[in-house]
Amino acid sequence: MWLLTVCLLAQAQSLTGQAPAPGGSPPGPARALSFGVPLERDVRSGEVHEYSLIMAAGDLVSGTIQLRVVEALVEVVGSGDSVIESAYPAPPNPQRIGFVAPRSGTYRFRIKVFDRFDGGPQWAPGAYVPVVGTASGGYTLRLDNAPVAARMRGIQPVAREQHPSPRLARLTRDLQDGQRDALEAFWREVAGRGPIVQEIPGNDREADVTFLWREIYDTRNVLLLWGPRSEDNYFARLPGTDVWYTTVRVRRGTRVEYDISPNDREEDRLATRQLDPLNPRRAPDDPTYPFFASSVLDMAGAPDEQWALRTPVRRGLIEERKAKSALLKNPLFPDERPIWIYTPPAYSPTAGPYPLLVLLDGAAYVSNRFGNAPATLDNLINEGRIRPAIAVFDMGNRGGGPAGGPAVRASYGEALVKELLPMLRASYPI
């Protein structure tokens, strides 16, 4: 999922710009930045522009940044110069940014400007390495501020408690019995363990899973973000405590990604969604990945991941190509889009025809950070589980559909049959 979002936290009274310039010419003088007013700055590769934000816990700052010519690393910096979150906007379109402050204090919004970033091929990406050169350009930055009370006015979703949690029932009894340390003991118990999984007597197909959120600032609602309908996934608050929770019933052996969104509004969700702080399991599990990750509910008995995780003894090859299209109306790729073509271990053009596998959202499936389909195919082919096959990883209409409606879906089907398949048949024995 390629998403530009600085996902963390804040409330601001004033913003002032500072601009140290390591490795580049000094930028212009520091300027004040007012909320709701666009700020335009000219920049050169190597410059750093910085704005300080005085914030109260739970407040949200959000807006857009639009770059001209150059690329940038945007960082939210907390106390001790610690980077809380980072994002990599690129020209030319405006891209949303936003963060919510976990505690009151001063934060810094830092923009580091570069010619570009090198990150390796899509199927085996590494850390983003900035390249400083001679590029000159600029940016337009606009930020708005919304404190919790104003942002959540009139929003009162109903939490549906469909399944009781025995562990929370026990915590409630302990608190009612006057056990003062019961609440802190509960949080120590669940730290690092993720959601609470509870077996259901007499039910060998399902389990009850309780997701938790600890209130650290003024919280009016909490939403679990995952596959089922969002209106069914609001948390309830355990009265008189900082415990927010929801219990859902799922099949045993479930593995699914999820996020938690405190003080949720749909229009703010890219900024308010967060990893589950109680759960160390996340995807992608890659410290060099600079974009937003999700937490993972990984229950006992989940499907074996060995085919994607195991290093293949023989590997196929991946080639990146461009697919031109007169039929697709995709604003992200108006003339041509990237595709990646996999050929199996020991591939020979004279040994065909080969089966063809087409995977949409191809940038995710070809990457070893996400779907890692090439390793899966390698391992299955090496073990004789499937026939050697050719695979094409296609962005398809990513960014233009299928949310674009039936006409968009129809145009991709036409492009597949009339444009992509003839191009592939001209080069590969399929």
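Quantities reported herein were computed from a predicted structural model and do not represent experimental measurements. Basis for what follows: all heavy atoms, side chains included, without hydrogens, waters or symmetry-related copies.
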Whether Glu47 side chain and Val113 backbone form a donor-acceptor pair below 3.5 Å: no
Please determine, by modelled atom types, if Ser294 and Asp259 share a side-chain donor-acceptor pair under 3.5 angstrom. yes
Quick one: does any side-chain atom of Asp115 pair with a main-chain N or O of Ala135 as donor and acceptor, under 3.5 Å? yes
Beyond-backbone contact of Thr210 with Leu168, side-chain heavy atoms, under 4.5 angstrom: yes
Under 3.5 Å, is there a donor on one side chain and an acceptor on the other for Tyr342 and Asp378? yes
Within the structure provided, determine whether Leu212 and Leu278 are in side-chain contact (heavy-atom separation under 4.5 Å). yes
Side-chain heavy-atom pair Phe109, Glu50 within 4.5 angstrom cut-off: no
Is the shortest side-chain heavy-atom distance between Asn263 and Thr219 below 4.5 Å? yes
Decide if atom OH of Tyr365 counts as having more than 12 heavy atoms of other residues, nucleotides or ligands within a radius under 6.0 Å. no
Determine the interplanar angle of the Tyr107 and Phe99 rings, folded into 0 to 90°, and report it as parallel if under 30°, tilted if 30 to 60°, perpendicular if over 60°. tilted
Does any non-hydrogen side-chain atom of Asp268 lie less than 4.5 Å from one of Arg151? yes
Taking salt bridge (Lys or Arg N to Asp or Glu O under 4.0 Å) as the definition, give me every residue that meets it alongside Asp298, ordered by chain and number, with sequence neighbours left out. Arg255, Arg281
Mind checking whether Leu60 and Asn145 have side chains closer than 4.5 Å, heavy atoms only? no
Of all heavy-atom pairs between Tyr258 and Leu224, which one has the smallest distance, and what is that distance? CD1-CD1, 3.7 Å
Considering residues at least two apart in sequence or located in another chain, which fulfil the ring pair (Phe, Tyr, Trp, His ring centres under 6.0 Å) criterion with Phe186? none
Please give me the minimum heavy-atom distance between Gln66 and Asn93, naming the atom from each residue. CG-C, 4.1 Å
Taking the side chain as everything from C-beta on, heavy atoms only, tell me whether Val243 gets closer than 4.5 Å to Trp187. yes
Hey, what do you get for CD (Gln95) to CG (Leu270), rounding to the nearest 0.5 Å? 12.0 Å
Pairs involving residues 188-198, ordered by first then second residue, that meet side-chain hydrogen bond (donor to acceptor under 3.5 Å, both in side chains) (sequence neighbours left out): Arg167-Glu189
Given Val366, Leu360, Leu357, Ile341, the one that forms side-chain contact (heavy atoms from CB on, under 4.5 Å) with Phe393: Val366
For residues Phe211 and Val222, determine if any side-chain heavy atom of one lies less than 4.5 Å from a side-chain heavy atom of the other. no
Can a donor-acceptor pair be found between the side chains of Gln179 and Asp177 at a distance below 3.5 Å? no
